[in-house]
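Read the structure below first, then the notes.
Lettering follows sequence order; numbering is per chain, from 1.
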There are 2 protein chains.
Amino acid sequence: MTVRLLLADDEHLIRGALAALLSLEEDLVVVAEAASGPEALAMARAHEPDVAVLDLQMPGADGVKVATSLRAELPGCRVLIVTSHGRPGHLKRALEAGVRGFVPKTVSAQKLAEIIRTVHAGNRYVDPELAADAISAGDSPLTAREAEVLELAADGAPVAEIAERAALSQGTVRNYLSSAVSKLGAENRHTAVRLARERGWV
Amino acid sequence: MTVRLLLADDEHLIRGALAALLSLEEDLVVVAEAASGPEALAMARAHEPDVAVLDLQMPGADGVKVATSLRAELPGCRVLIVTSHGRPGHLKRALEAGVRGFVPKTVSAQKLAEIIRTVHAGNRYVDPELAADAISAGDSPLTAREAEVLELAADGAPVAEIAERAALSQGTVRNYLSSAVSKLGAENRHTAVRLARERGWV
DNA sequence: CACTCCGCATGACAAATGTCAGAGGCCTGA
DNA sequence: TCAGGCCTCTGACATTTGTCATGCGGAGTG
């Protein structure tokens, strides 16, 4: 029984190479390729693959977003996310979106082929190291508002702008930022943003 | 005449896939692979390849640093840099380090093989789009000190810390930051850092 | 030589940010 | 029902920034 694959990655070099390598496995066949989120969705609709191998970062819509849509439209299609930069939060988001596998690009093609089979068989696979990171990072201590405000502060916007965009008073924004900063053990909002990013809490 | 290649990329998946694809070209042979900067250097010394294909971002030492060392130790070895995130400044740094080719990972393997041949023949190749970006970004308007201070400010450190690390007075640091911010047309140091990063000026 | 940059500094002022205390409203679980 | 958490706000304060004027010395230039 062959497994029909959809490959989505914006880096042509990698996608092509991957397609070539996976095709060497006689039980795997690449039926579609895509270079962006929306394209991946379209290809999935057209070809209804058994397993979708998605890069986490793609133009248009990232792997997790695509996975969410896919879950609704093609429940039979298992999703496997492949990523370069394994941030704990992404893993959590991905699992919540119904993704069946999550691996870093540091695995070998051999291993990836095995994982594709595992996922296709209905099992889950999460890279052990990423899983350990995710667990040690734990859950976000931030409340919804704190996270929201921190997010808006991410690109260095002044408090006034954040307040406007969040429809809050400036004082409230400062309070949230302050508590977020202290919860994260940061020195100021900017390092707080960085920390939250690293742990995938924003 | 065959071209002997060194492949360096920390992502096993990509490296392996790339090796497989490039090996399909009968005039190319991969003689060594590496997963980090230092390893790439060691492999280069051991195998003396004709062309080194280096990922820009690797643990240990990035592609440009490896290229610099390589230039000194193995002048006959041409260096080709491959990158996911093409930031203008990297290109400039790379060319200054004597790199002969600079391409994004969005090219196809076919194209990459051609580029490897071009580089091996002693010519240069720079991705047109990256080149255009680099030209439109232009040269950094920042003085050496401004850039240095901005760099230190990058992770959100307070002025006091920057001043200490740069052995400057706090007032001076603020002045440099201020002028850097105005030169970049930013609203504050943090957006300035972001802008400078995007343009490869830090 | 005078002029002009640049690096480096100081001091002072305005604006933004971080920190606290307090206070009311809403919702949830005991 | 009541305690406790979160959301929201205000006001006041200390601290950190951003901005500006100004000064000095060195390097390079006309």
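- When all heavy atoms are compared, the tightest approach of B:A186 to B:L195 is CB-CD1, 4.0 Å.
- We find that B:E198 and B:R194 are joined by a salt bridge, their nearest charged nitrogen and carboxylate oxygen being less than 4.0 Å apart.
- For B:T172 and C:dA9, the shortest distance from a side-chain N or O to OP1 or OP2 is below 4.0 Å.
- In this structure a side-chain-to-backbone donor-acceptor pair under 3.5 Å is present from B:D127 to B:L130.
- Atoms CD1 (A:I162) and C1' (D:dC9) sit 17 Å apart, rounded to a whole Å.
- More than 12 heavy-atom neighbours from other residues, nucleotides or ligands sit within 6.0 angstrom of CD on B:E73.
- Using a 4.0 Å cut-off between charged side-chain N and carboxylate O, A:E148 and A:R145 make a salt bridge.
- Atom CD in A:E146 sits roughly 9 Å away from atom C1' in D:dC6 (whole-Å rounding).
- Computed from coordinates, the A:L168 CG to C:dG25 P distance equals 19 Å when rounded to whole Å.
- Taking a 4.0 Å limit (strictly below) on heavy-atom distances, residues 173-192 of chain B reaches DNA chain D at B:R174, B:N175, B:S178, B:N188, B:R189.
- Atom P of nucleotide C:dT17 and atom CG of A:L150 are separated by 14 Å, given to the nearest angstrom.
- Per the geometry, CD belonging to A:E148 stands 16 Å off P belonging to D:dC6, to the nearest Å.
- Between B:D55 and B:K105 there is a salt bridge, with a side-chain nitrogen of the basic residue lying less than 4.0 Å from a carboxylate oxygen of the acidic one.
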